[in-house]
Amino acid sequence: MKWKIELDGQKLTGDKTAAHEYLQDIFSFADYYGRNLDALHDCLSEVHTDMEVWLDQNTLKEMAEGSYSYRILTVLFDTATENPYLTIRLKR
């Protein structure tokens, strides 16, 4: 089974707390998710089922322009290079 997750950039460009609440919800992270970038990396590193994370052009642009959301984007791409089960896809 492959997970397909489409991220909403607007939910990631606000404050850190709201962004991590959204990430915890959309990725179905456990209640003990630390709600920080290290925890995001750790949880995505532990994915052992094929997962595609989809970003459309607007989401990518919104995330790249925000300081904290850019860091989230970096964690997503870095973790995808380390975890063969995690793939980042760009929608047209």
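- For Y70, the OH atom sits in a loose shell: 12 or fewer heavy atoms of surrounding residues, nucleotides or ligands are nearer than 6.0 Å.
- Proximity of the aromatic rings of F29 and H20 is defined here by a centroid distance below 6.0 angstrom, and this criterion is not met.
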- Query: Taking it one step at a time, do T79 and V47 satisfy side-chain contact (heavy atoms from CB on, under 4.5 Å)?
  - Reply: CA-CA 10 Å; T79 309; V47 170; over 6 Å; no
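- The minimum heavy-atom distance linking I72 with A19 is given by the pair CD1-CB, 4.0 Å.
- We find the CG-CG distance between N83 and D50 to be 9.5 Å, quoted to the nearest 0.5 Å.
- Of all non-hydrogen atoms in T59 and D56, the two that sit nearest each other are N-OD1, 2.6 Å.
- Considering only heavy atoms from C-beta on, L7 comes within 4.5 Å of I26 through its side chain.
- Among all heavy-atom pairs drawn from L12 and Y22, the shortest one is CD2-CD2, 3.6 Å.
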Could you list the donor-acceptor pairs under 3.5 angstrom formed by side chains in residues 34-41, with sequence neighbours left out?
| unit_1 | atom_1 | unit_2 | atom_2 | d |
| --- | --- | --- | --- | --- |
| R35 | NE | Q24 | OE1 | 2.9 |
| R35 | NH2 | Q24 | OE1 | 2.8 |
| N36 | OD1 | D38 | N | 3.0 |
| N36 | OD1 | A39 | N | 2.8 |
| N36 | ND2 | G34 | O | 3.4 |
| H41 | NE2 | E82 | OE1 | 2.8 |

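- Shown here for H48 and E46, the closest heavy-atom pair between the two residues is CD2-O, 2.8 Å.
- Every residue two or more places apart in sequence or in another chain that forms a salt bridge (Lys or Arg N to Asp or Glu O under 4.0 Å) with K91 is listed here: E6.
- One hydrophobic cluster, built from ILVMFWY side chains closer than 4.5 Å, cannot hold both W54 and M63; they sit in different ones.
- In this structure, OG1 on T87 lies 11.0 Å from NZ on K4, to the nearest 0.5 angstrom.
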- Item | Audit row: L76, L86, side-chain contact (heavy atoms from CB on, under 4.5 Å) steps and yes/no | CA-CA 9 Å; L76 290 171; L86 180 63; 5.6 Å; no
- side-chain contact (heavy atoms from CB on, under 4.5 Å) evaluation trace for F27 with V53: CA-CA 10 Å; F27 285 111; V53 177; 3.8 Å; yes
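- Counted within 6.0 Å of OH on Y85, heavy atoms from surrounding residues, nucleotides or ligands total 12 or fewer; the atom is thus considered open.
- Heavy atoms only, all atoms of each residue included: S69 and T13 are closest at OG-CG2, 3.7 Å.
- Under a hydrophobic-cluster definition in which Ile, Leu, Val, Met, Phe, Trp and Tyr are linked whenever side-chain heavy atoms come within less than 4.5 Å, directly or via other members, Y32 and L44 are assigned to different clusters.
- For F77, there are no ring-ring contact (aromatic ring centres under 6.0 Å, His included) partners at least two apart in sequence or on another chain.
- No side-chain heavy atom of Y68 sits less than 4.5 Å from a side-chain heavy atom of D15.
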